[in-house]
Amino acid sequence: MGYFLAVANRKGGVGKSTISVMLAHAFAIWGGKRVLLIDLDAQSNSSLILTGNAHWIEAQKNSRNIAAYIEDRMYGQNPIADYVLKGVGDIETDDARPATIDLLPGSLQFEDMQDELISHYSRHNTPFRQAKARCAEHFRRALQFAAPLADLIVLDCAPGISNATQAALRLADQVIVPFRPDSVSEFAVDKISMIIEGKDPEALHATPHNERRYRCLANYVRPGGQDQVFIDTIAADHPTLMTQMPMSGDLANAFFWSPERQTLEEKYTTALEPMAALYRELTAYVPV
Ligand SMILES: Nc1ncnc2c1ncn2[C@@H]1O[C@H](COP(=O)(O)OP(=O)(O)OP(=O)(O)O)[C@@H](O)[C@H]1O
Ligand SMILES: [Mg+2]
């Protein structure tokens with residue numbers, strides 16, 4: 001059964017989609033694993049990185065996307081595999097075999113669909129909190145059907161704490177929380193860690209770092225001392241990976257889909273080294 005790895009932070013623009021795709025690439029190419037990425041963000045950034053604009057637009061028209069799947073499961077038992085794009089990505093192995101990466105694409109309809117789901121569960125005067133809980137449970141169960149489809153299922157979460165994100169956090173075996181080393185990140189990490197662990201600050205504080213279900217990852221790290229001060233502040237309260245992702249133009253460039261397949265070396269260039277360090281460190285935590 002597949003291992004669910006969510007990449008989440010309440011804060012936007014911290015590198016969730018970049019890290020999600022990078023991990024899909026690393027586990028598929030270096031680990032030889034079957035990877036499924038589920039894009040839980042209406043912005044669909046990881047879908048666009050993995051499959052390019054044209055294929056993504058086609059997936060919207062053909063209803064092969066997360067919104068269509070979750071909506072259809074309101075009324076039927078449609079298998080999740082029917083909504084998945086097989087063999088996506090612009091990456092190949094050194095001997096020119098395509099990476100084993102599948103994608104359940106994101107959809108611009110995803111936010112509207114979540115509202116629709118809430119009203120579906122709010123029928124018959126159901127109290128709002130209860131409707132919200134049922135809605136998150138609908139998502140969790142729907143996502144769980146992905147377990148047999150891959151060795152590793154990466155859940156790229158939207159910023160904020162939507163029902164879909166809550167469901168992903170509940171389902172995940174492990175959560176990676178990328179953050180920018182700055183003065184506001186601490187609040188976002190504190191908040192999401194409480195949701196992941198389902199604990200108030202005191203209970204969370206009493207939980208040893210190695211018993212928690214999440215690991216923070218410093219991203220956009222610049223040389224010099226100031227970033228390290230912010231990273232140390234987070235690491236004092238939260239389990240934090242030793243690997244740090246540097247601020248890197250080559251990593252930003254890898255964000256774009258290329259119509260020609262490339263090796264990881266060609267795609268990531270100088271960002272390959274921190275990517276390999278991240279993969280090596282994560283293999284200790286992600287038993288696939
Ligand atoms: N280490 C890095 N160095 C330089 N640029 C980066 C780095 N990590 C991510 N980026 C760039 O920062 C931008 C935001 O990254 P990304 O979309 O992955 O963040 P996100 O957390 O998924 O955003 P959102 O909250 O909008 O979903 C992208 O243009 C990406 O290429
Ligand atoms: Mg994103």
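What you see is a predicted model; the values in this text were computed from it and never measured. Counting convention: from 1, in listed order, for ligands and their atoms alike.
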TODO: Can you sort out which atoms of ligand 1 are near A252, meaning under 4.0 Å from one of its heavy atoms?
DONE: 5 (N), 31 (O)

- [ ] Distance to 0.1 Å, residue and atom name: give those for the protein heavy atom nearest to atom 3 (N) of ligand 1.
- [x] S248 N, 2.9 Å

TODO: Return a yes/no value for V14: is any of its N or O atoms, backbone included, closer than 3.5 angstrom to an N or O of ligand 1?
DONE: yes

- [ ] Give a yes or no on whether a salt bridge exists between D227 and R222, defined as a side-chain N under 4.0 angstrom from a carboxylate O.
- [x] yes

TODO: Return yes if a side-chain donor-acceptor contact under 3.5 Å exists between Q166 and R170, otherwise no.
DONE: no

TODO: Provide the number and element of each atom of ligand 1 under 4.0 Å from a heavy atom of Q43.
DONE: 24 (P), 26 (O), 27 (O)

- [ ] Please check if the side chain of N9 supplies one atom and the backbone of P178 the other of a donor-acceptor pair under 3.5 Å.
- [x] yes

- [ ] Could you tell me whether the Mg ion (ligand 2) has an N, O or S atom of S17 under 2.8 Å away?
- [x] yes

Open item on the list: I'd like to check which ligand 1 atoms, numbered from 1 as shown, lie under 4.0 Å from a non-hydrogen atom of G12.
Closed with: 25 (O)

- [ ] Consider every N or O of D156 and every N or O of ligand 1, then say whether any pair is closer than 3.5 Å.
- [x] no

- [ ] Please check if any side-chain donor atom of N163 sits under 3.5 Å from a side-chain acceptor atom of H138, or the reverse.
- [x] no

Open item on the list: When you compare the side chains of Q228 and Q244, does any donor N or O come within less than 3.5 Å of an acceptor on the partner?
Closed with: yes

Task: Ligand-residue contact atoms, ligand 1 with P159, heavy atoms, under 4.0 Å - done: 25 (O), 27 (O)

- [ ] Please identify which atoms of ligand 1 are closer than 4.0 Å to at least one heavy atom of L251.
- [x] 1 (N), 2 (C)

TODO: For atom 19 (O) of ligand 1, find the nearest protein heavy atom and state the residue, atom name and distance (0.1 Å precision).
DONE: G15 N, 3.0 Å

Open item on the list: Does only the side chain of P178 get under 4.0 Å from ligand 1, or the backbone, or both, or neither? Count heavy atoms.
Closed with: neither

Task: Closest protein heavy atom to atom 25 (O) of ligand 1, given as residue, atom name and distance to 0.1 Å - done: K16 NZ, 2.7 Å

Task: Side chain, backbone, both or neither: N219 near ligand 1, heavy atoms under 4.0 Å - done: side chain

TODO: State whether the shortest distance between N or O atoms of P246 and N or O atoms of ligand 1 falls below 3.5 angstrom.
DONE: yes

Open item on the list: Looking only at the side chains, is there a donor atom on one of T263 and D94 sitting less than 3.5 Å from an acceptor on the other?
Closed with: no

Task: Option with minimal heavy-atom separation from atom 10 (N) of ligand 1, where the choices are F179, Y220, F255 - done: Y220

Open item on the list: Checking the side chain of W56 only, and the main-chain atoms of L50 only, is there a donor and an acceptor separated by less than 3.5 Å?
Closed with: no

Open item on the list: Using modelled atom types and a 3.5 Å cut-off, is there a donor and acceptor pairing between side-chain atoms of S162 and backbone atoms of A158?
Closed with: no

- [ ] Could you tell me the residue and atom name of the protein heavy atom closest to atom 22 (O) of ligand 1, and the distance to it rounded to 0.1 Å?
- [x] S17 N, 2.8 Å

Task: NE2 (H55) with more than 12 external heavy atoms under 6.0 Å - done: no

Open item on the list: Below 3.5 Å, N or O to N or O, backbone or side chain included: is there any such pair between G249 and ligand 1?
Closed with: no

Open item on the list: Using a 4.0 Å cut-off to any heavy atom of M247, which atoms of ligand 1 qualify?
Closed with: 3 (N)

TODO: Give the numbers and elements of all ligand 1 atoms closer than 4.0 Å to a heavy atom of D41.
DONE: 27 (O)

Open item on the list: Students should be able to answer this: which protein heavy-atom is nearest to atom 30 (C) of ligand 1, and at what distance?
Closed with: T18 OG1, 3.6 Å

Open item on the list: Is a donor from one side chain sitting under 3.5 angstrom from an acceptor on the other, for Y83 and N78?
Closed with: yes

Open item on the list: Within the 4.0 Å heavy-atom shell around G13, which atoms of ligand 1 are there?
Closed with: 19 (O), 20 (P), 21 (O), 23 (O), 24 (P), 25 (O), 26 (O)

Open item on the list: Checking side-chain polar atoms at under 3.5 Å, does K199 have a donor or acceptor matched by the opposite partner on T207?
Closed with: yes

- [ ] Check the side chains of D95 and T93 for a donor-acceptor pair under 3.5 angstrom, ignoring hydrogens and angles.
- [x] yes

Open item on the list: Any salt bridge linking D173 with R213? Criterion: basic side-chain nitrogen under 4.0 Å from a carboxylate oxygen.
Closed with: no

